[in-house]
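Remarks on the structure that follows.
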2 protein chains.
Amino acid sequence: MTQPRARAPRRDILSKQRLRLWLRLLKTSRDVEGNIRERLRTQYDTTLPRFDVLAALYRNDKGLKMSELSGALRVSNGNVTGIVDRLVTDGAVVRVAVPGDRRAQLVRLTKKGMSEFETMAAEHETWVNGIFAGLTADDCDRLMALLEVVDDSAAAASSRNGE
Amino acid sequence: MTQPRARAPRRDILSKQRLRLWLRLLKTSRDVEGNIRERLRTQYDTTLPRFDVLAALYRNDKGLKMSELSGALRVSNGNVTGIVDRLVTDGAVVRVAVPGDRRAQLVRLTKKGMSEFETMAAEHETWVNGIFAGLTADDCDRLMALLEVVDDSAAAASSRNGE
DNA sequence: ACGATATAGTTTAATCCTAAAATATTTCAG
DNA sequence: CTGAAATATTTTAGGATTAAACTATATCGT
């Protein structure tokens, strides 16, 4: 030992600060998500995963194959099977055979599914706008930029880890 | 109709911007969380909920009642039952009777649970520090402040909604 | 002491979610 | 053409999650 060192080196403080930031990011995200889930449940008797599937199909009016759907939503294949099953039961989507490939099928919104989604999507935007009402346009830009930095880094770490 | 209006009023642009920001926040949070879940799974054969329970118990070495645990983690009562069951099976925690109240019981870390958690917690901090490496101390402060604004607003909206 | 109410925890039913195995079909090399 | 490999999807097994129902115990007013 040459010299007594400061008790908490700068890098350790920064490390703890980043850890607290991650906990805050997680909490904020979960709170907002919980808020939206709750309103979807009580006001539309539906769930976020169902809403997400409808949103993906709304953006693709030709329909999407199951694998395209799970790719777009970044969830597992088997997961989508169950959610689409329930949406079919409720008449919001249909499965359509793909001509020329008997393995695949397209999932498409029905008229009912489309109109239900449009109603919910408009309200959803209002909810989000209310929750983020404390942020100006500049705040949004700053927050967006910082989150992108983190997300790029998380994606890179995941691919290094072989996901 | 008095005057032709601009096609996209400022408030609509801001509303869409906030919506995009929410989608980005959600994606970033899920990507980081997925990254950490994956490493907990492959490197320690455990899950984030289990890690969270161990962390809460580590901070409370006298142990926590089931209801205190679910309160601290903000998850439902029944949820904690299953997670603690599995931790008991693995010998990481024990359930201890509370003298004077035969309804309640304390959950406490075992020696094994404590040492396992310490190992994981150190690595966990390293992972997080790596993912957030692109942010300076000032970035962290800014991001933290903006997230707090959003979270306060989400909490307020939830309580208004009666949660 | 007694009955109503509150509290602690578990169970149940439903959905979500993943990884891995299984099934069916297609593609492609030889 | 045929068999191997690739692709599309479902099924399975296990855990996480919630709300609501349920069991057991405690508390409190009268």
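Every value quoted in this text rests on a predicted model; they were computed, and no experiment measured them. Only heavy atoms go into these numbers, but all of them, side chains included; no hydrogens, no water, no symmetry mates. Note on naming: letters A, B, ... go to the chains in the order of the sequence lines (proteins, then strands), and numbering restarts at 1 for each one.
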Interatomic distance, R102(A) CZ vs dT10(D) P [rounded to whole Å]: 16 Å
Presence of salt bridge, E33(B) and R30(A), under 4.0 angstrom: yes
Distance-only side-chain donor-acceptor flag, D141(B) / Q17(A), under 3.5 Å: yes
Side-chain ion pair, K16(B) and D12(B), N-O less than 4.0 Å: no
Atom-to-atom span, CG of L40(A) to P of dT18(D) - whole angstrom: 16 Å
Interatomic distance where CZ belongs to R41(B) and C1' belongs to dA19(C) [whole Å]: 7 Å
Basic-acidic side-chain contact under 4.0 Å: E68(A), K65(A): no
Partners meeting salt bridge (Lys or Arg N to Asp or Glu O under 4.0 Å) with R108(A) (sequence neighbours left out): none
Nucleotides 5-17 of chain C: protein proximity per nucleotide (B base, S sugar-phosphate only, - neither; heavy atom, under 4.0 Å): --BSSBB---SSS
